[in-house]
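The block underneath contains the structure these notes are about, expressed in structure tokens.
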2 protein chains.
Amino acid sequence: MTWRDDAGPAASGRTESVVPRSVPRRHPTIAEVARVAGVHASTVSRALRGESGIAADTVGRVRRVADELGYRPDPAAVGLRTRRSGLIGVLVPRLTDVVLATIYEGLDAAAAEAGFQTFVANTGDDPETRRRRLATLRDRRVDGVVLGDARLTDDDLLAGLAADGLPYVLVSRRSRGHLSVTTDDLRGGRLVAEHLLALGHERVGVVAGRTYSSTGVERTRGFRERYAEAGLPVPEELVLPSRYDVSGGREVADALLAVRPRPTALFAVNDFTAIGVMGAVRSAGLRIGDDVAVVGYNDVPLAAELPIPLTTIASPMTEMGRVGMARLLDRAAGRTVRSVRLRPRLMARESSGPGRPAGSPGAD
Amino acid sequence: MTWRDDAGPAASGRTESVVPRSVPRRHPTIAEVARVAGVHASTVSRALRGESGIAADTVGRVRRVADELGYRPDPAAVGLRTRRSGLIGVLVPRLTDVVLATIYEGLDAAAAEAGFQTFVANTGDDPETRRRRLATLRDRRVDGVVLGDARLTDDDLLAGLAADGLPYVLVSRRSRGHLSVTTDDLRGGRLVAEHLLALGHERVGVVAGRTYSSTGVERTRGFRERYAEAGLPVPEELVLPSRYDVSGGREVADALLAVRPRPTALFAVNDFTAIGVMGAVRSAGLRIGDDVAVVGYNDVPLAAELPIPLTTIASPMTEMGRVGMARLLDRAAGRTVRSVRLRPRLMARESSGPGRPAGSPGAD
DNA sequence: AGACATTAAGCAAACGATTGCGATGAACAC
DNA sequence: GTGTTCATCGCAATCGTTTGCTTAATGTCT
């Protein structure tokens with residue numbers, strides 16, 4: 001079944017960069033399969049695609065010939081005829097962000113299982129770049145689009161997408177009136193609040209993320225709501241927007257720690273931001289977990305392994321990708337689908353309190 | 001000049017958003033452009049592609065009509081005709097690894113500038129998965145492939161790739177006899193050794209990475225060579241292979257710190273591994289930078305922002321991607337190209353010594 | 001003024017698959 | 001033995017571009 005007539009792996013790469021290339025490695029076409037199998041090309045097509053109306057032995061013979069020849073349909077030809085590309089476009093703020101990269105893994109895995117392939121592009125959260133990248137995806141005639149960089153309100157890119165018929169779904173961030181798969185960020189924020197309340201923190205600050213992303217906004221809102229319910233509303237000056245990277249957390253935390261009376265706990269809506277917060281706390285000569293509790297969000301793999309393990313909210317990122325892709329494909333198939341909010345879980349670790357054992361406290 | 005008897009763009013989209021889906025958003029074809037411009041489709045094609053032999057005013061008219069109509073060539077049709085997909089496949093161990101994600105950003109940016117689009121897939125460093133993913137890329141008729149997960153020796157996937165004519169290039173990791181763009185890992189290892197020697201460390205250990213990846217192997221080799229030259233060969237028991245993640249570093253460092261006499265410095269061939277090492281050092285009750293110096297490799301953004309900033313080797317990851325893509329496209333165009341090794345730079349920070357100011361010590 | 005370049009644009013055949021429809025033959029009922 | 005019904009499979013059009021070859025029109029040279 002394996003062919004090794006040619007060069008063979010023993011050809012020891014001596015002439016590394018001498019001759020450019022040569023053997024153009026032709027792919028067999030459906031016509032060749034038809035000829036060898038002694039049937040018409042249309043029959044090969046139907047047999048391979050498992051349509052009814054073809055004799056069982058014919059199907060068998062065609063299939064055998066096809067993979068003896070190593071036949072693989074040319075996606076360009078298929079796409080031209082069927083008007084379907086088998087491609088799903090994915091737009092993310094940045095793939096170097098582990099959270100998005102993980103979601104993308106889930107998206108891609110689910111797409112692959114359904115016979116689709118994905119196409120990522122970074123947008124850097126920049127409107128103009130988004131527009132250009134989306135145009136590129138359209139040019140490629142993608143069958144659907146996944147957006148990981150939706151804006152909470154007034155996202156006209158989404159409006160445009162909804163206007164023409166390209167199926168799409170949002171992941172990670174929500175936006176009013178659009179199909180999305182996210183974690184329940186409101187609930188996640190509340191979980192953090194309850195955790196800190198239980199530990200007795202009465203004066204707390206929030207490194208709140210970007211004002212245009214639902215993740216930051218809703219995590220912050222859930223958190224503040226819960227504190228307000230406990231009769232300890234979080235004052236405005238202790239809630240500051242931030243970037244989603246380490247240095248963003250560092251800068252904002254420096255500011256929050258300068259407020260008097262100083263907060264005894266800081267909630268950062270993103271783990272990397274939280275790492276920046278930890279840096280700020282240490283630089284201020286304070287002890288993480290003792291003097292100032294720090295809580296993050298997402299439970300990236302790094303969080304549990306830090307010198308001082310980070311208390312954070314586990315959000316099922318890979319699953320979010322898988323579910324998001326499933327929803328998109330459902331929608332593209334014309335089925336009616338609804339937005340999903342996945343359940344977040346608290347991972348209590350040392351950064352929020354004295355010597356608690358690593359791992360989740362239980363719950364579901 | 002142009003006749004516009006038909007529908008015309010002025011038909012004012014009144015019934016815009018009444019029905020949710022429906023409007024399948026037809027793309028105009030080259031034939032429609034031709035009709036509106038009053039020329040033949042072949043003329044449109046030539047005009048748009050800037051071929052010679054078309055009158056300047058015709059070119060102008062066609063161009064104008066084309067973008068009034070929003071014409072974009074159908075990639076499936078183009079691909080079918082030209083046998084070129086405009087797609088470059090990229091295989092990486094894992095996209096959630098910031099190093100690879102950053103290299104990918106460079107690859108993608110350079111590809112986009114050259115009019116190509118990229119296609120990533122994770123292989124998890126698993127031979128069978130690699131083979132399957134590569135087959136998928138072949139099925140898509142990619143014009144070239146970038147491999148980020150090459151094995152140092154006996155990589156039969158590469159042998160097969162070389163045998164048939166698909167252009168390819170390796171990034172990040174090298175493999176004998178294949179075109180690659182990497183950093184000079186031998187030199188990087190030496191830089192670390194020189195740094196630690198200058199600080200007076202005589203007994204050092206190495207968290208060496210995977211034995212099948214050139215990165216780990218060569219960084220380790222360069223390091224050991226330099227120490228051997230200084231008359232202080234690193235003993236075998238202080239050099240252990242590892243995974244490239246945080247917990248891998250943690251486990252191996254636990255073992256190294258148990259060796260007696262205990263090493264005073266540990267070199268991890270990857271920043272995340274180094275973070276795991278830092279965790280192990282702290283857990284052993286030792287002070288990072290004072291009792292045990294820790295050095296990583298890659299200078300990921302996180303490194304400089306850690307509570308104790310990490311001394312590491314800056315490897316130009318984005319540039320590696322850009323250069324890699326450029327080399328691949330050169331090769332695909334039939335030009336002869338040679339492998340490249342980019343220059344690494346030491347970033348001395350606090351993790352390797354007492355209170356040194358953050359940033360590079362200078363050099364080029 | 002006629003032969004001949006030269007330039008500009010059209011014609012039509014690919015590329016490789018899918019698919020509506022028609023043709024063929026066998027099985028079957030009467 | 002004729003007519004009808006299935007089950008199989010072939011025919012040919014089609015998707016939207018690109019490109020070798022022709023044709024038509026214009027200019028140039030002797």
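The model shown is predicted, which means the values in this text are computed figures rather than measured ones. Chain letters run A, B, ... following the sequence lines, proteins first, then strands; residues in each count from 1. All heavy atoms count here, side chains included; hydrogens, waters and symmetry mates do not.
Pairs passing the side-chain hydrogen bond (donor to acceptor under 3.5 Å, both in side chains) check and including a residue from residues 28-41 of chain A, sequence neighbours excluded, read His40(A)-Ser42(A).
Straight-line distance from the CZ atom of Arg84(B) to the P atom of dT19(D): 7 Å, rounded to whole Å. Look at CG on Leu80(B): it is 9 Å from P on dC15(C), rounded to the nearest Å. Between the C1' atom of dC15(C) and the CG atom of Asp74(A) lies a distance of 8 Å, rounded to the nearest Å. Here dT7(C) presents its C1' atom at 15 Å from CD of Glu51(B), a figure rounded to the nearest Å. Atom pair His27(B):NE2 and dG16(D):P shows a separation of 11 Å (rounding to whole Å applied). Summarising the geometry, the separation between CZ on Arg72(B) and C1' on dT17(D) is reported as 15 Å, rounded to the nearest angstrom. At whole-Å resolution of the value, CZ in Arg141(A) and C1' in dC15(D) are 12 Å apart.
Asp67(B) meets the side chain to side chain donor-acceptor pair (under 3.5 Å) test with no other residue; sequence neighbours excluded. Checked against side chain to side chain donor-acceptor pair (under 3.5 Å), Thr129(B) has the following partners two or more places apart in sequence or in another chain: Asp126(B). Scored by the side chain to side chain donor-acceptor pair (under 3.5 Å) test, Asp125(B) finds Arg173(B), Tyr212(B) as partners (sequence neighbours excluded). Residues forming a side chain to side chain donor-acceptor pair (under 3.5 Å) with Ser175(A) (at least two apart in sequence, or on another chain): none.
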Polar-atom pairs under 3.5 Å, protein N or O versus N or O of nucleotides 4-9 of chain D: list them with distances, or write none.
residue	atom	partner	partner atom	Å
dC9(D)	OP1	Thr58(A)	OG1	2.7
dC9(D)	OP2	Ala55(A)	N	2.7
dC9(D)	OP2	Thr58(A)	OG1	3.3

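Distances shorter than 4.0 Å separate some side-chain N or O of Tyr71(A) from OP1 or OP2 on dA17(C).
Sequence order on DNA chain C of the closest nucleotides to Arg49(A) and Arg83(B) puts Arg83(B) first from the 5' end.
The side-chain heavy atoms of Asp139(A) and Gln117(B), taken from C-beta on, include no pair separated by under 4.5 Å.
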